[in-house]
Peer 1: 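Quick one: the structure is below, questions incoming.
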Amino acid sequence: MSVESYGNVVNGTEDHEGSEYVLKSPATGDTIATVVDGGVKKIREAIDAAQDAFYGIWSKTSLHDRKILLQKLSDRIQERSNEYAMLESLSTGKTLRQSTLMDIPLGIEHISYFANETEFSLERKIEHPEFPDTHGIIQNVPMGVVGAITPWNVPFLMAVWKAAPALLAGNTLVIKPSSSTPITTIEMAKDALSVGFPPGVLNVVCGKGETAGEELAKSEKIRMLSFTGSTETGRHISSVAGVKKLTLELGGKSPNIVFEDADLERASMGVIFGIYLNSGQLCESGSRLLVQSSIKEKFLVTLRKKLDEMKAGNPMEMETDVSAITTRSQKLKIEKLVTEGLQEGSNLYYSKNIDGLVPSLGFYYPPTILDNVNMDMKIGNEEIFGPVLSAIEFKNENEAVEIANRSSYGLAAGVWTKDRNKAMRVASSIESGTVWINEYHLLSAAAPRGGFKNSGVGRELGLEGILEYTQTRHIFVGSESGEQDQVAYGLVLAKQS
Ligand code: NAD
C-alpha cells in the first residue's frame, strides 16, 4: 500500500526539501505517512515568507475579508471532515468516534466562530479626562509574524485555536506542529490556500522541538509566540524567546471535586469523561478525584462498574471507547508514575483488563484508579497525561478547596454538588483558569481558557484570546483650538503659560 508523503507548506507551496521520516499509527503500529522534517532552514524560509506576506498583503486586508476567508476555510474542512477525522485518529491513536464527533467538528465550528465573531473591533475612541478637548483612538494592531508551537494530543484543535484568532486579528503565521502528529495541520494549511488565503499567510513546518521549534522560539522576526505543551518546555521557551509576546498553555493536575450532595450518577459520568476522554491525554483532564469521605466507597464502586462497560478494541472502529497512548515515551512515563505512586503508598483500586483486546502493535494503558492518594505523593502532584485517576478524600468544603489549590498547576477544575451557592463559592475559590459546575471538559469558543500558576500565561479563545494576538496603539488626537497646549508647553517655555 502506498502511503501519502507530507511536505512543509511554505509560501503557498508544499515543499519536500528536508529529511523524510515515517509516521506510524500509535493505535495499530501501521505506517500511515511519511513527513518531511524541514528543520531550521525551512523555519527560516517560512518566517521570511510570513513577514513578506504580512507587509505585502495581509496587514492591508480588511477584517471583513479575513472573516470571509475563515468561513470558507471552515466550510472546506467541513466538506472533508471524515478524511480529517480518519487522519487525526490514525496519527494520535484517539478513537475514530472522538475525532468524528468531537475534535474535527469542534475545530470546524471554532473557525466559523471566529469568522462570525462580533465583539472584536479594530479600534475604539476614548476621552482623556485631563485634556477635555482632545480624544484618543485605541487601535488593536496585529503583532506581525506569529510563531505557533503545538503538542500531539489534540493537534487539529490546537492548530485551529492558534490560527483562527491570529489570522482574524491580521497576523501571518508559522506553525510548528508536534513531529508525531502534524498531518491535519498540514492539511489545514493546504485547504487555506485552496480557499484563497494568500501564499505565506499560513505556513506549516514540521520538525523537532529542539531544532525547528527552538529556531521559531528564538527568531527576532517573530513578534509573538503562542506555545502549547508541557510546563517544562514552556519554561525553556520563556528563557530563549527574548523580547516577544508569549502565551503559554501548559500542563495541569486538575481536581474534579465531588460533594456528598451531588447527583452521584451524573457526577460519576462527569468524572469518567473528565479523565478517560482521549485516554487522559488532555491538558485539563480531571486527574485528581477529590471525593467527600462519606461517599467515597460508594462512588468508587459506581466508577468501577462504569469502567467495566468501556469497550477496549481498535480505536479505528467506531464502537471502541478506549484511545491509545499517542507516543511510546508517554506510555513509559505513565507506567513509571503509577509504579512510583504505588511505592508511595497509594492502592491500585482498579485496572481495566484490556489484554488481547487492543491491537498488539499499538501503545495502550488500561483505564486505572489509584485510591488513598494524598498531596504529599508525587502521583498527587505531577501531571500524568494518561488514563489514571488519583482518588483523594476530603471531609468538608474548606478542606476540598485547600487540597484543590495545593498544586503548582491551575488549569481547570470540576465541582459536583446540587447546592448552587456552595458550587459558586467553591468555584470562585479555586485557583484555575476554568471551573466547571456539574459538567466537565465542555468547551465554548466564546470562553477564554488558560492557566493560573504553572499552567500558563495568557488565554486562548474568546475575545481575550483574539486580543492576545494584538498590540495596542494609542493615537492622541490634539484639540482643534490648541488652548490646552499652553499648560504643557509652558513647562519648558515659561512665556507660554
Ligand atoms: P512538549 O512540551 O514535549 O512539546 C510541545 C511542542 O513543543 C512540540 O511541538 C515540540 O516539538 C515542541 N518543543 C519541544 N521542545 C522544544 C524546544 N526546545 N523549543 C521549541 N519547541 C519545542 O509537549 P507534548 O508532550 O507534545 O504535549 C503534552 C503537554 O502539552 C502536556 O503537558 C499537556 O498538559 C500540554 N497541553 C496543554 C494544553 C493547554 O491548553 N494548556 C493543551 C494541550 C496540551
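Hydrogens, waters and symmetry mates are skipped; everything else that's a heavy atom, side chains included, is used. As the structure lists them, so they are numbered: ligands from 1, and atoms in each ligand from 1.
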Peer 1: Between Glu215 and Arg44, does any NZ, NE, NH1 or NH2 come within less than 4.0 Å of an OD or OE carboxylate oxygen?
Peer 2: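 Answer for the salt bridge query: yes.
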Peer 1: Counting each atom of ligand 1 from 1 as listed, which ones have a heavy atom of Cys283 under 4.0 Å away?
Peer 2: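 It comes down to these atoms of ligand 1: 34 (O), 36 (N), 37 (C), 38 (C), 39 (C), 40 (O), 41 (N), 42 (C), 43 (C), 44 (C).
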Peer 1: With a cut-off of 4.0 Å, which atoms of ligand 1 are near a heavy atom of His236?
Peer 2: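 Here the atoms of ligand 1 in question are 18 (N).
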Peer 1: May I ask you to say whether Glu460 pairs ionically with Lys162, meaning some side-chain N is under 4.0 Å from a carboxylate O?
Peer 2: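 Counted as a salt bridge, because a side-chain N and a carboxylate O are separated by less than 4.0 Å.
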Peer 1: Would you call Glu45 and Lys42 a salt bridge, using N to O less than 4.0 angstrom?
Peer 2: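 Lys42 and Glu45: salt-bridged.
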Peer 1: As an exercise, identify every atom of ligand 1 less than 4.0 angstrom from a heavy atom of Glu214.
Peer 2: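 Answer, ordered by atom number: 17 (C), 18 (N), 19 (N), 20 (C).
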Peer 1: Would you call the rings of Trp152 and Phe385 parallel, tilted or perpendicular, taking 30° and 60° as the class edges?
Peer 2: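 Ring orientation, 0 to 90° scale: perpendicular.
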Peer 1: Do Glu14 and Tyr6 meet the criterion of a side-chain donor-acceptor pair at a distance under 3.5 Å?
Peer 2: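 No, no side-chain donor-acceptor pair sits under 3.5 Å.
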Peer 1: I'd like to check which ligand 1 atoms, numbered from 1 as shown, lie under 4.0 Å from a non-hydrogen atom of Thr233.
Peer 2: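 Under 4.0 Å from Thr233, ligand 1 has these atoms: 1 (P), 2 (O), 3 (O), 13 (N), 14 (C), 15 (N), 16 (C), 22 (C).
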Peer 1: For Glu232, does the CD atom sit with more than 12 other heavy atoms under 6.0 Å from it, leaving out its own atoms?
Peer 2: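 Check fails, neighbour count at 12 or below.
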Peer 1: In ligand 1, which numbered atoms sit nearer than 4.0 Å to a non-hydrogen atom of Trp152?
Peer 2: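 Numbered from 1, ligand 1 contributes 24 (P), 25 (O), 26 (O).
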Peer 1: Which atoms of ligand 1 sit under 4.0 Å from any heavy atom of Gly213?
Peer 2: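 Contacts of ligand 1 toward Gly213, numbered from 1: 19 (N), 20 (C), 21 (N).
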Peer 1: Does the side chain of Arg76 reach to within under 4.5 Å of the side chain of Ser194, using non-hydrogen atoms?
Peer 2: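 They are in side-chain contact.
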Peer 1: Mark up the atoms of ligand 1 that fall under 4.0 Å of a heavy atom belonging to Asn153, in ascending order.
Peer 2: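 Counting atoms of ligand 1 from 1, those under 4.0 Å from Asn153 are 43 (C), 44 (C).
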Peer 1: Between Glu460 and ligand 1, is there a nitrogen or oxygen pair with a distance under 3.5 Å?
Peer 2: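 In fact, backbone or side chain, Glu460 has no N or O that close.
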Peer 1: Which atoms of ligand 1 sit under 4.0 Å from any heavy atom of Arg449?
Peer 2: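 Listed by number with element, the hits are 40 (O).
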Peer 1: For atom 33 (C) of ligand 1, which protein heavy atom lies nearest, and how many Å away is it?
Peer 2: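 Going by distance alone, atom 33 (C) of ligand 1 is nearest to Phe385 CE1, 3.2 Å.
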Peer 1: Could any protein non-hydrogen atom be found less than 4.0 Å from atom 4 (O) of ligand 1?
Peer 2: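 So far as the 4.0 Å threshold goes, atom 4 (O) of ligand 1 is out of reach of every protein heavy atom.
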Peer 1: List the atom of Ala404, the atom of Arg288, and the distance in Å for their closest heavy-atom pair.
Peer 2: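 Smallest heavy-atom distance, with atoms named: O-NH2, 2.9 Å.
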